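Remarks on the structure that follows.
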There are 2 protein chains.
Amino acid sequence: MRISQLSRESTVPVATIKYYLRERLLHEGQLTSATQASYDESHVRRLRLIRALIVGAGLSIAVTRDLLDGVDAPPESGHDLLGIAHHALIAPTAADVDTTAVDALLDQWGWDTHGCDSAAKAAVAGAIDGIRAAGFELPEGMLDTYAGAMHTVASAEIAGVPTDSAEAAVHYVVLGTVLVEPLLLALRRLAQQSASRARFGAMPL
Amino acid sequence: MRISQLSRESTVPVATIKYYLRERLLHEGQLTSATQASYDESHVRRLRLIRALIVGAGLSIAVTRDLLDGVDAPPESGHDLLGIAHHALIAPTAADVDTTAVDALLDQWGWDTHGCDSAAKAAVAGAIDGIRAAGFELPEGMLDTYAGAMHTVASAEIAGVPTDSAEAAVHYVVLGTVLVEPLLLALRRLAQQSASRARFGAMPL
DNA sequence: AGTATTGGAGAGTTCTACTATCTAAGTCAA
DNA sequence: TTGACTTAGATAGTAGAACTCTCCAATACT
């Protein structure tokens, strides 16, 4: 199919498709002449994925490219699946964040400290710092509640990683990490509303 | 104190403070003359909060203003606390999203369907749609796992709402909702790394 | 008296994610 | 074969967001 039909099938404007081609988010079509290229189903799928990442998950073009590069690249070792997603996603935090407090928390929760890279720990430390800097105090034990809930989530997710093919595993881990984030936050808000009604009664319409 | 010292104490440039004043994120100082105003501790605290919301939680100026307006306003009814945070946070989704599937899920989970506004339901429906549109399939039962974890989180949060003063309650709910989001996501990633190491062994450094 | 700072307003900058225009080279229907 | 339409590829332009800079008259310190 030609670019105009690709645009129709994906509901992405032609100019935007060209932009994604330039930005190397979308692989080029098969050139059939100097001014003609043909695109196929793989381009439609890819465009849907790109839009889900940019519009749905709110990623930038640059982060999206990093992520897609990771999904496309043949995973050499197979065990740094998460690295692909996490390195692209975790904001480049200044490494000067003190993560010893986080290490202590991980110990306390029984998490594998050595299995976690420092950037991820710095992200947690930064999030806690941000909360404190805002003048907000987490209630006693709340951090443990959060950790427990996220442990439950992550365990189920990792348990579900397909092992039949490396491609499937990367696809599952990388996309699952980022695409599910909006869902989790939306579910939390919904659960808050439900719990709030249970405790306080009436709720806004 | 004058604006230059406020800038020093908050590490926010003078020009940016002036910008926040123009955007009504920060309340004005007490004018002592035509070209002099004095700022106090409340301005320092407020600036820290603003930065936490914008830099930490990644909110836009407009959303931050809505949120702060909500925190500042005297809560008239006391029971639509969440509305203040959620209406500002939940992206204005096109109301054409079909939420009947979400209603069914809420029933299944035993959540109070009537205590949840349709925008929040639409956000969940939209998140699920986005995942599906990306060509990603949630493993069997994973949605229930997510719901359960978020129910645990939300219940603990709502249980901790202070009831001594309406101001404290609004502060807790509105800021807790948004400031904790980065923490939850960071914890999930850390938990994924820990669980991944437990299942697959080695991990990236 | 003279240097520095401030409030306030407006203009300018940078970045991101598109969107539009243009040209030469095709394609296709009559 | 003619003429309208489409396309690839390059370049330039746009809109919005979040600052950042410049200016000026009016103080404030020294």
Side-chain angles (χ1 to χ4, degrees), chain A residues 1-40 43-44 46-68 88-89 91-92 178, chain B residues 1-40 43-44 46-68 88-89 91-92 130:
Chain A
M1 84 183 72
R2 282 169 286 178
I3 202 171
S4 60
Q5 196 186 342
L6 176 60
S7 168
R8 247 171 279 123
E9 293 208 9
S10 61
T11 70
V12 177
V14 170
T16 304
I17 294 176
K18 288 185 176 186
Y19 172 61
Y20 291 159
L21 286 168
R22 277 199 302 279
E23 291 291 326
R24 298 193 357 264
L25 300 184
L26 182 65
H27 50 294
E28 300 192 348
Q30 182 85 27
L31 268 182
T32 60
S33 81
T35 62
Q36 223 80 24
S38 82
Y39 305 89
D40 56 28
H43 294 89
V44 179
R46 181 63 158 240
L47 269 176
R48 279 204 259 266
L49 175 54
I50 292 170
R51 295 305 286 180
L53 292 174
I54 291 177
V55 179
L59 300 190
S60 69
I61 298 285
V63 171
T64 301
R65 180 172 43 231
D66 286 350
L67 224 66
L68 292 174
L89 288 174
V178 57
Chain B
M1 83 183 72
R2 283 168 286 176
I3 202 171
S4 60
Q5 195 186 343
L6 178 59
S7 168
R8 248 171 279 124
E9 294 209 10
S10 61
T11 71
V12 177
V14 171
T16 305
I17 294 176
K18 288 183 175 184
Y19 172 60
Y20 290 161
L21 286 167
R22 277 201 299 280
E23 291 291 325
R24 298 194 355 266
L25 299 185
L26 183 64
H27 49 295
E28 297 191 351
Q30 182 84 27
L31 266 183
T32 61
S33 83
T35 64
Q36 223 80 25
S38 81
Y39 305 89
D40 56 27
H43 293 90
V44 179
R46 180 61 159 239
L47 269 176
R48 280 204 257 268
L49 176 54
I50 292 169
R51 295 304 286 180
L53 292 173
I54 291 178
V55 179
L59 301 189
S60 69
I61 298 284
V63 171
T64 301
R65 180 171 43 231
D66 286 350
L67 227 71
L68 292 174
L89 288 174

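Below, each value reflects all heavy atoms present in this structure, side chains not excepted, and no hydrogens, waters or symmetry copies. Below, chain A is the first sequence line, B the second, and so on; all start at residue 1. In this text, all values refer to a predicted model and were calculated from it rather than measured experimentally.
- Applying a 4.0 Å cut-off to non-hydrogen atoms, the residues of residues 8-30 of chain A that approach DNA chain D are A/Lys18, A/Arg22, listed by residue number.
- Between the P atom of C/dG26 and the CD1 atom of A/Ile3 lies a distance of 17 Å, rounded to the nearest Å.
- In this structure, B/Glu9 has no salt bridge (Lys or Arg N to Asp or Glu O under 4.0 Å) partners at least two apart in sequence or on a different chain.
- Considering only residues two or more places apart in sequence or on other chains, B/Arg46 meets the salt bridge (Lys or Arg N to Asp or Glu O under 4.0 Å) condition with B/Asp72.
- Boundaries of the chain B contact region on DNA chain D are D/dA18 to D/dA28, first to last in 5' to 3' order (nucleotide atom under 4.0 Å from a heavy atom).
- Using modelled atom types, no side-chain atom of A/His43 and backbone atom of A/Leu26 make a donor-acceptor pair closer than 3.5 Å.
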Show the distances under 3.5 angstrom between N or O atoms of the protein and N or O atoms of nucleotides 27-30 of chain C.
none

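- Applying the side-chain hydrogen bond (donor to acceptor under 3.5 Å, both in side chains) test to A/Arg8 and every residue at least two apart in sequence or in another chain returns A/Ser4.
- Partners of B/Thr35 under the side-chain contact (heavy atoms from CB on, under 4.5 Å) rule, at least two apart in sequence or in another chain, are B/Ser33.
- Of all the heavy atoms in A/Leu68 and A/Leu25, the pair that sits closest is CD1-O, 3.8 Å.
- Not a single side-chain hydrogen bond (donor to acceptor under 3.5 Å, both in side chains) links B/Arg48 to another residue, sequence neighbours left out.
- Counting only residues at least two apart or on different chains, the salt bridge (Lys or Arg N to Asp or Glu O under 4.0 Å) pairs with a member in residues 14-37 of chain A are A/Glu23-A/Arg65, A/Arg24-A/Asp69.
- Judged as a side-chain contact (heavy atoms from CB on, under 4.5 Å), and not counting sequence neighbours, the contacts of B/Ser10 are B/Val12, B/Ile17, B/Leu47.
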Using the side chain to side chain contact (heavy atoms under 4.5 Å, CB included) rule, take B/Tyr20 and B/Arg51 through it: C-alpha gap first, then chi angles, then the decisive distance, then the call. CA-CA 10 Å; B/Tyr20 290 161; B/Arg51 295 304 286 180; 2.6 Å; yes
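- A heavy-atom distance below 4.0 Å to DNA chain C is reached by none of the residues of residues 51-68 of chain B.
- Remark: B/Thr32 engages B/Gln36, B/Ser38 in a side-chain contact (heavy atoms from CB on, under 4.5 Å) (not counting sequence neighbours).
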